[in-house]
Asker: 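Mind having a look at this structure? Questions to follow.
All heavy atoms count here, side chains included; hydrogens, waters and symmetry mates do not.
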Amino acid sequence: MLEIQNLKKSFKGKGGKTKVVLNDISFSLPDKGMYFIVGKSGSGKSTLLNLIGGLDTPDSGSIEFNGLQLEKLSSKELGSYRARSIGFVFQESNLFDDLSVEDNLTIPVDRKISKAEIESSLKRFDLFGLEKQKVNTLSGGEKQRVAIMRAVLKNPEMILCDEPTGSLDEENSKNIFTILKNLSKEKLVIVVSHDRKSAEDFGDGIIEIKDGVINLNNELKDTSDNKENNKKQLKISFRKQLKIAFSLMKKRPLRLVLMFLICIIS
């Protein structure tokens with residue numbers, strides 16, 4: 001489980017002026033599922049992802065993943081966390097263009113991967129037969145599938161994706177999100193994206209960041225697997241319940257207000 005509490009991060013800009021990028025961010029995510037972080041450019045999406053991935057450190061606050069408190073880890077321990085627990089997928093595939101697909105899959109992984117495992121993964125990602133092909137001959141969609149394969153072969157507990165479809169067309173984007181969605185049945189997948197429609201179509205939840213704070217933290221689906229978790233995470237304060245009820249009362253009959261109150265109390 002990922003627990004983030006009161007996270008703050010700032011950077012010094014031109015003239016030494018400090019810019020607060022993330023201001024008191026708090027939320028939690030379960031062990032499995034696909035969750036999107038959305039927001040405008042410069043809102044802090046990628047910064048948040050980098051902090052979760054141990055690529056950067058916060059000014060204050062805490063990040064805990066499966067019992068590990070990242071802010072308490074040494075540089076060496078953070079490196080181990082990144083290598084063993086996290087699979088990264090970026091907008092640019094970050095592959096070695098002059099090497100084969102197979103070499104790109106095995107070089108970054110700190111364990112021996114069998115031929116059978118590679119073959120099985122190639123079939124799973126519809127890349128079978130391309131293992132000896134150099135990456136610079138692949139299409140954009142194929143490169144991104146190789147990048148996701150590389151992340152998955154590490155057998156990480158969490159996959160972090162920063163604009164994984166930013167340079168792809170609509171069809172390839174849909175294919176990539178479908179792959180990530182299937183992976184999220186087994187592990188936590190977090191995706192930074194500008195694509196709000198795909199977030200709504202594929203995500204189990206959306207975290208929207210605006211001006212360095214969470215503007216929306218919304219669970220999208222109530223499947224049988226996560227229904228109870230969602231109930232716990234989406235409790236509405238009594239004060240907010242009353243505010244919504246009074247707002248409805250101005251526009252809707254009393255019956256609708258009563259139905260709303262019954263739903264949130266049950």
Asker: May I ask you to test the P164-Q91 pair for a side-chain heavy-atom distance under 4.5 Å?
Answerer: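 Answer no - side chains too far apart.
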Asker: Starting at CG of N50, measure out to CG of D162 and round the result to the nearest 0.5 Å.
Answerer: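 Interatomic distance, N50 CG to D162 CG, rounded to 0.5 Å: 6.5 Å.
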Asker: If you round to the nearest 0.5 Å, how far is CD1 of I214 from CG of N23?
Answerer: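 N23 CG to I214 CD1: 11.5 Å, rounded to 0.5 Å.
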Asker: Output the distance between atom CG (L49) and atom CD (E163), rounded to the nearest 0.5 Å.
Answerer: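 One gets 10.0 Å once the value is rounded to the nearest 0.5 Å.
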Asker: Give the C-alpha distance, both sets of side-chain angles, the deciding distance and a yes or no for side-chain contact (heavy atoms from CB on, under 4.5 Å) between K187 and I159.
Answerer: CA-CA 8 Å; K187 56 195 71 203; I159 296 177; 3.9 Å; yes
Asker: Tell me which pairs pass salt bridge (charged side-chain N to carboxylate O under 4.0 Å, His left out) where either residue lies in residues 36-56, with sequence neighbours left out.
Answerer: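 Only K9-D56 qualify under salt bridge (charged side-chain N to carboxylate O under 4.0 Å, His left out).
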Asker: Can you tell me if N215 uses its side chain to pair, donor with acceptor, with the backbone of I209 under 3.5 Å?
Answerer: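 Checked: no pair found.
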Asker: Can you tell me if E71 uses its side chain to pair, donor with acceptor, with the backbone of P58 under 3.5 Å?
Answerer: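 Checking the backbone N and O of P58 against the side chain of E71, no donor-acceptor pair under 3.5 Å is found.
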Asker: With a 3.5 Å distance limit and no angle check, can you tell me whether R82 reaches the backbone of G54 through a side-chain donor-acceptor pair?
Answerer: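 Yes, the answer is positive, given that a donor and an acceptor are paired below the 3.5 Å cut-off.
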Asker: Would you say the side chain of N172 lies within less than 4.5 Å of the side chain of Q144, judging by non-hydrogen atoms?
Answerer: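 Q144 does not reach N172 side chain to side chain.
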Asker: If I compare all heavy atoms of G44 with all of V21, which pair ends up nearest, and what's the gap?
Answerer: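 That closest heavy-atom pairing would be CA-CG1, 3.5 Å.
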Asker: Is there a donor-acceptor pair closer than 3.5 Å between any side-chain N or O of T165 and the backbone N or O of L168?
Answerer: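 It does not hold such a pair.
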Asker: With sequence neighbours left out, what residues match Y81 under ring pair (Phe, Tyr, Trp, His ring centres under 6.0 Å)?
Answerer: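 Y81: no ring pair (Phe, Tyr, Trp, His ring centres under 6.0 Å) contacts found.
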Asker: Should R196 and E200 be marked as a salt bridge (Lys or Arg N to Asp or Glu O under 4.0 Å) after you check the CA-CA gap, both sets of side-chain angles, and the distance that decides it?
Answerer: CA-CA 6 Å; R196 184 60 180 260; E200 293 173 351; 3.6 Å; yes
Asker: Given the rule that I, L, V, M, F, W and Y join up when any side-chain heavy atoms are under 4.5 Å apart, are I4 and V213 in one cluster?
Answerer: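 No, I4 does not connect to V213 through the hydrophobic network.
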Asker: Can you list the residues that meet the ring pair (Phe, Tyr, Trp, His ring centres under 6.0 Å) rule with F177, with sequence neighbours excluded?
Answerer: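 Once residues adjacent in sequence are excluded, the partners of F177 under the ring pair (Phe, Tyr, Trp, His ring centres under 6.0 Å) criterion are F36, F202.
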Asker: In chain order, what residues pass the side chain to side chain donor-acceptor pair (under 3.5 Å) check against N94, with sequence neighbours excluded?
Answerer: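 Side chain to side chain donor-acceptor pair (under 3.5 Å) check on N94 returns nothing, list empty.
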Asker: To the closest 0.5 Å, what do you measure between CG (L2) and CG (L68)?
Answerer: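 Rounded to the nearest 0.5 Å, the CG-CG separation comes out at 11.5 Å.
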Asker: Is a donor from one side chain sitting under 3.5 angstrom from an acceptor on the other, for D201 and S198?
Answerer: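 No, no side-chain donor-acceptor pair sits under 3.5 Å.
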Asker: Using the side-chain contact (heavy atoms from CB on, under 4.5 Å) rule, take I52 and L160 through it: C-alpha gap first, then chi angles, then the decisive distance, then the call.
Answerer: CA-CA 8 Å; I52 294 171; L160 303 180; 4.1 Å; yes
Asker: Do L7 and L48 come close enough that some side-chain heavy atom pair is under 4.5 Å?
Answerer: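 A side-chain contact exists here, since the closest heavy-atom pair is under 4.5 Å.
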Asker: Would you say R124's side chain and M149's backbone share a donor-acceptor pair under 3.5 angstrom?
Answerer: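 Such a contact is absent between R124 side chain and M149 backbone.
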Asker: Give the minimum heavy-atom separation between D103 and S100, together with the two atoms involved.
Answerer: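 That closest heavy-atom pairing would be N-OG, 3.1 Å.
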Asker: With a 4.5 Å limit on heavy-atom distance, are the side chains of L188 and L29 in contact?
Answerer: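 Answer yes - side chains close enough.
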Asker: Identify the heavy atoms of E3 and S28 that sit nearest to each other, and give their distance.
Answerer: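 For E3 versus S28, the nearest heavy atoms are OE1-CB, 3.5 Å.
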Asker: Is there a donor-acceptor pair under 3.5 Å between the side chain of D59 and the backbone N or O of S10?
Answerer: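 Between the backbone of S10 and the side chain of D59 there is a qualifying donor-acceptor contact (under 3.5 Å).
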Asker: Counting only N and O atoms by type, is there a donor-acceptor contact under 3.5 Å from the side chain of S43 to the main-chain atoms of K210?
Answerer: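 Not at all, since once roles are kept as given, no pair shorter than 3.5 Å links the two residues.
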Asker: Give a yes or no on whether I63 and V20 share a hydrophobic cluster (residues Ile, Leu, Val, Met, Phe, Trp, Tyr; joining criterion: side-chain heavy atoms under 4.5 Å apart).
Answerer: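 I63 does not cluster with V20.
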Asker: For a 4.5 angstrom cut-off between non-hydrogen side-chain atoms, does I190 reach M34?
Answerer: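 Side chain of I190 against side chain of M34, heavy atoms only: no contact under 4.5 Å found.
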Asker: Whether K123 and E119 form a salt bridge (side-chain N of Lys/Arg under 4.0 Å from carboxylate O of Asp/Glu) is what I want to check.
Answerer: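 Salt bridge flag = yes for K123 with E119.
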Asker: Could you give the distance from OG (S120) to CZ (F125), rounded to the nearest 0.5 Å?
Answerer: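 That separation rounds to 9.5 Å.
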Asker: Holding to ring pair (Phe, Tyr, Trp, His ring centres under 6.0 Å), I want the full list of residues that pass it with F90, two or more places apart in sequence or in another chain.
Answerer: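 Listed in chain order: F88.
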Asker: With a 3.5 Å cut-off and no angle check, do the side chains of S85 and E157 form a donor-acceptor pair?
Answerer: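 Yes - a donor-acceptor pair under 3.5 Å links their side chains.
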Asker: Let's go through L95 and N136 carefully: what are the C-alpha distance in whole Å and the side-chain angles of both, what is the deciding distance for side-chain contact (heavy atoms from CB on, under 4.5 Å) to 0.1 Å, and is it a yes or a no?
Answerer: CA-CA 9 Å; L95 301 172; N136 58 16; over 6 Å; no
Asker: Kindly indicate whether the side chain of E142, heavy atoms from C-beta on, has any atom under 4.5 Å from the side chain of L130.
Answerer: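 The answer is yes; the side chains approach within 4.5 Å.
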Asker: Can you name the nearest heavy-atom pair linking P156 to A151, along with the distance?
Answerer: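 Minimum heavy-atom separation between P156 and A151: CD-O, 3.2 Å.
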Asker: More than 12 non-hydrogen atoms from neighbouring residues, nucleotides or ligands closer than 6.0 Å to CG on D211, yes or no?
Answerer: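 No - once you tally the heavy atoms of other residues, nucleotides and ligands closer than 6.0 Å, there are 12 at most.
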Asker: F11 versus T18: any side-chain heavy-atom pair under 4.5 Å?
Answerer: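 No, side chains not in contact.
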Asker: Check whether any side-chain heavy atom of L99 sits under 4.5 Å from a side-chain heavy atom of V135, and report yes or no.
Answerer: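 Not touching, per the 4.5 Å side-chain cut-off.
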Asker: Any donor and acceptor pair, going by atom type alone, linking the side chain of S184 with main-chain N or O of K181 inside 3.5 Å?
Answerer: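 At least one qualifying donor-acceptor pair exists.
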Asker: Could you name each residue pair satisfying salt bridge (charged side-chain N to carboxylate O under 4.0 Å, His left out) that touches residues 128-139, not counting sequence neighbours?
Answerer: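 Of all non-adjacent pairs touching residues 128-139, those that pass salt bridge (charged side-chain N to carboxylate O under 4.0 Å, His left out) are E102-K132.
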Asker: In Å and rounded to the nearest 0.5 Å, what is the OG to CZ distance from S93 to R150?
Answerer: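 Between S93 OG and R150 CZ, I get 7.5 Å after rounding to 0.5 Å.
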Asker: Return the minimal non-hydrogen interatomic distance between V38 and A199, and the atom names on each side.
Answerer: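 Of all heavy-atom pairs spanning V38 and A199, the closest is CG1-CB, 4.2 Å.
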Asker: Show the numbers, then the answer: is there a side-chain contact (heavy atoms from CB on, under 4.5 Å) between Y35 and V189?
Answerer: CA-CA 6 Å; Y35 293 84; V189 177; over 6 Å; no
Asker: Between R145 and D126, what is the shortest heavy-atom contact and its length?
Answerer: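 Taking R145 first and D126 second, the nearest heavy atoms are NH1-O, 3.1 Å.
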